[in-house]
Amino acid sequence: MRLGYPCINRSIGCTANSTFRLASYSKQNLLAKVENNLNCLMKILEYNVKNGLFFFRISSDLVPFASHPICKVDWSKHFEKKFKAIGSFIMKNRIRISMHPDQFVLINSPRRIIVQRSIKELEYHCKVLDAMELDSTAKVQIHIGGVYNDKEKAIDRFITEYESLPTSIKKRLVIENDHISYGLKDCLVIHKRIKIPVIFDTFHHKCLNNGESINAAIKMAKKTWSKKDGILMIDYSSQKPKAKKGTHAEHINIKHFKKFIEETKNFDFDLMLEIKDKERSALKAIRVLKEIRKYNRLLF
DNA sequence: AGTTGTCAAGCTAGT
DNA sequence: ACTAGCTTGACAACT
């Protein structure tokens, strides 16, 4: 098992998701931001390795406006060396990488323009991972999308669109159960038809499920990952107390986390902690893992 | 220096 | 009709 957190590190005073307004777009602005973001990404990854965190989600804002028509800069070429250096650091340290495009990415929308924009955005995410020369275990995760008052048709559209995507996207794309529309069962039905791996989100599953236990759910999700995809990725969070259902917790709930780890000790997977305070909770989680699982990434 | 309205993009549920 | 929430607040103009 590798453990990690998404996108932002609050300890090192440097972020890899710095952006700017579309109105102030210029080639110079873009290059300056990307350079800053890549440098910070490297620092974050170094911090993570030092602290035993070997799973990281790279921010979608790494290259601002990359999929926007305004962007004409060949950023992957311009920063070729930096991307490769980051990639080789990732591979050398066997860090698992994911990316999670925004909520606007919907390949099952009935509106063609939204699907087209979404594909551009997926191309961008895959291009980042390709520029780092990462293999197909580095994943880009999305939800199925909207329901549009007809779930069956919406699922059919998802499948049709998926099938016509370029291989460069297909080899990285995975789907994740959400907390209001498409549960694990829906994801598994889709997997059966197109073999796309399913990321299991424990918190979403708690909000929306068909009565599957955590163990049964993980067992089913795990089967959707083949060798070229790497081991199962799981997103973990817990409910923020007293907040609206579906709101992610600010801090890790150690009791809840211990219970989850105890329950799932017979499975190996990479675990993403979707907790607002980021590496702070992740470091606490590592301590729990060391206690319970004898966490040692070298075993895997 | 600190505060606050605003920012490319969509959808759903709750109020 | 409007807003919060979503994988993640940060930017930029103002006081």
Side-chain angles (χ1 to χ4, degrees), chain A residues 4-10 13-26 29-30 32-33 36-37 40-41 44 55-71 97-125 139-151 154 157-158 174-183 199-204 207-208 233-240 242-250 270-282:
Chain A
Y5 59 97
C7 305
I8 294 166
N9 179 299
R10 297 188 196 274
C14 174
T15 69
N17 61 330
S18 178
T19 183
F20 53 88
R21 294 288 186 262
L22 180 58
S24 52
Y25 182 91
S26 69
N29 253 348
L30 181 83
K33 286 296 179 189
N36 167 79
N37 289 346
C40 289
L41 176 57
I44 292 171
F55 189 13
F56 191 66
R57 181 179 299 160
I58 297 172
S59 168
S60 295
D61 284 333
L62 188 73
V63 184
F65 304 105
S67 73
H68 192 282
I70 202 172
C71 180
I97 293 291
S98 67
M99 293 185 85
H100 194 334
D102 278 307
Q103 55 271 37
F104 320 105
V105 172
L106 300 154
I107 63 169
N108 76 341
S109 172
R111 294 167 56 195
R112 201 61 216 157
I113 182 73
I114 292 170
V115 176
Q116 285 166 349
R117 280 202 285 256
S118 298
I119 293 171
K120 287 267 175 233
E121 186 70 355
L122 291 176
E123 276 170 0
Y124 150 60
H125 283 78
K139 293 303 187 190
V140 173
Q141 61 186 100
I142 58 171
H143 298 291
I144 308 304
V147 173
Y148 312 97
N149 300 313
D150 188 338
K151 201 167 185 177
R157 278 199 304 277
F158 182 92
V174 298
I175 48 175
E176 175 192 352
N177 58 307
D178 69 62
H179 69 296
I180 44 180
S181 304
Y182 296 93
I199 284 201
F200 179 58
D201 187 308
T202 62
F203 182 41
H204 292 161
C207 298
L208 178 68
M233 289 179 174
I234 292 184
D235 286 354
Y236 168 91
S237 188
S238 55
Q239 173 68 35
K240 179 177 176 176
K242 286 180 260 175
K244 186 174 161 183
K245 185 182 167 189
T247 306
H248 291 249
E250 291 289 336
D270 287 334
L271 188 61
M272 177 65 62
L273 284 194
E274 294 184 332
I275 313 261
K276 302 266 185 196
D277 68 356
K278 307 295 178 186
E279 77 284 357
R280 200 177 138 206
S281 284

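Protein chains get the first letters and strands the later ones, always in sequence-line order, with residue 1 at the start of each.
In this structure a side-chain-to-backbone donor-acceptor pair under 3.5 Å is missing from K120(A) to V115(A). Between the side chain of N177(A) and the backbone N or O of D201(A), at least one donor-acceptor pair lies under 3.5 Å. Looking only at distances, a side-chain donor or acceptor of H143(A) sits under 3.5 Å from a matching main-chain atom of E176(A). Looking at S281(A), its side chain never comes within 3.5 Å of a backbone N or O of D277(A) through a donor-acceptor pair.
Remark: aromatic rings of Y5(A) and F55(A) are distant, center separation not under 6.0 Å.
Under 4.0 Å is where a charged nitrogen must lie from a carboxylate oxygen, and between D235(A) and R57(A) at least one such pair does.
Side-chain contact check for K33(A) and S18(A): at least one donor-acceptor pair (N or O, by modelled atom type) lies under 3.5 Å. Using modelled atom types and a 3.5 Å distance limit, the side chains of S60(A) and H100(A) yield no donor-acceptor pair.
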5' to 3', nucleotides 8-15 of chain B under a 4.0 Å protein heavy-atom cut-off (B base, S sugar-phosphate only, - none) gives BBBSSS--
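Residue E250(A) contributes atom CD, which lies 8 Å from atom P of dG9(C) at whole-angstrom precision. Going from atom CG of N37(A) over to atom C1' of dC11(C) covers 13 Å, rounded to whole Å. One interatomic measurement links the two molecules: CG of D277(A) to C1' of dG9(C), which rounds to 15 Å at whole-angstrom precision. The nearest whole Å value for the distance from the OH atom in Y5(A) to the C1' atom in dG9(C) is 17 Å. One atom, CE of M272(A), and another, P of dT8(C), lie 11 Å apart when rounded to the nearest Å. Atom CG in N9(A) sits roughly 13 Å away from atom C1' in dT8(C) (whole-Å rounding).
Pairs of Watson-Crick or G-U wobble type, with distances under 3.5 Å, assemble into runs of 3 or more in DNA chain B at these ranges: B:1-7 with C:9-15, B:10-15 with C:1-6.
Using a 4.0 Å cut-off, no side-chain N or O of K33(A) falls inside it from OP1 or OP2 of dA10(C). K276(A) has a side-chain polar atom (N or O) that falls below the 4.0 Å cut-off from OP1 or OP2 of dC6(C). OP1 or OP2 of dA12(C) has at least one side-chain nitrogen or oxygen of S24(A) nearer than 4.0 Å.
Looking at heavy atoms from C-beta onward, C40(A) lies out of side-chain contact with T15(A) at the 4.5 angstrom threshold.
Atom P of dA8(B) sits at a distance of 12 Å from the matching atom of dA13(C), rounded to the whole Å. One P atom belongs to dT8(C), the other to dG2(B), and the distance between them is 26 Å to the nearest Å. Between the P atoms of dC7(B) and dT3(C), the separation comes to 14 Å (whole Å). Nucleotides dT6(B) and dC2(C) have their P atoms positioned 15 Å apart, rounded to a whole Å.
Within 4.0 Å (heavy atoms only), S18(A) reaches sugar-phosphate atoms of the nucleic acid but no base atom.
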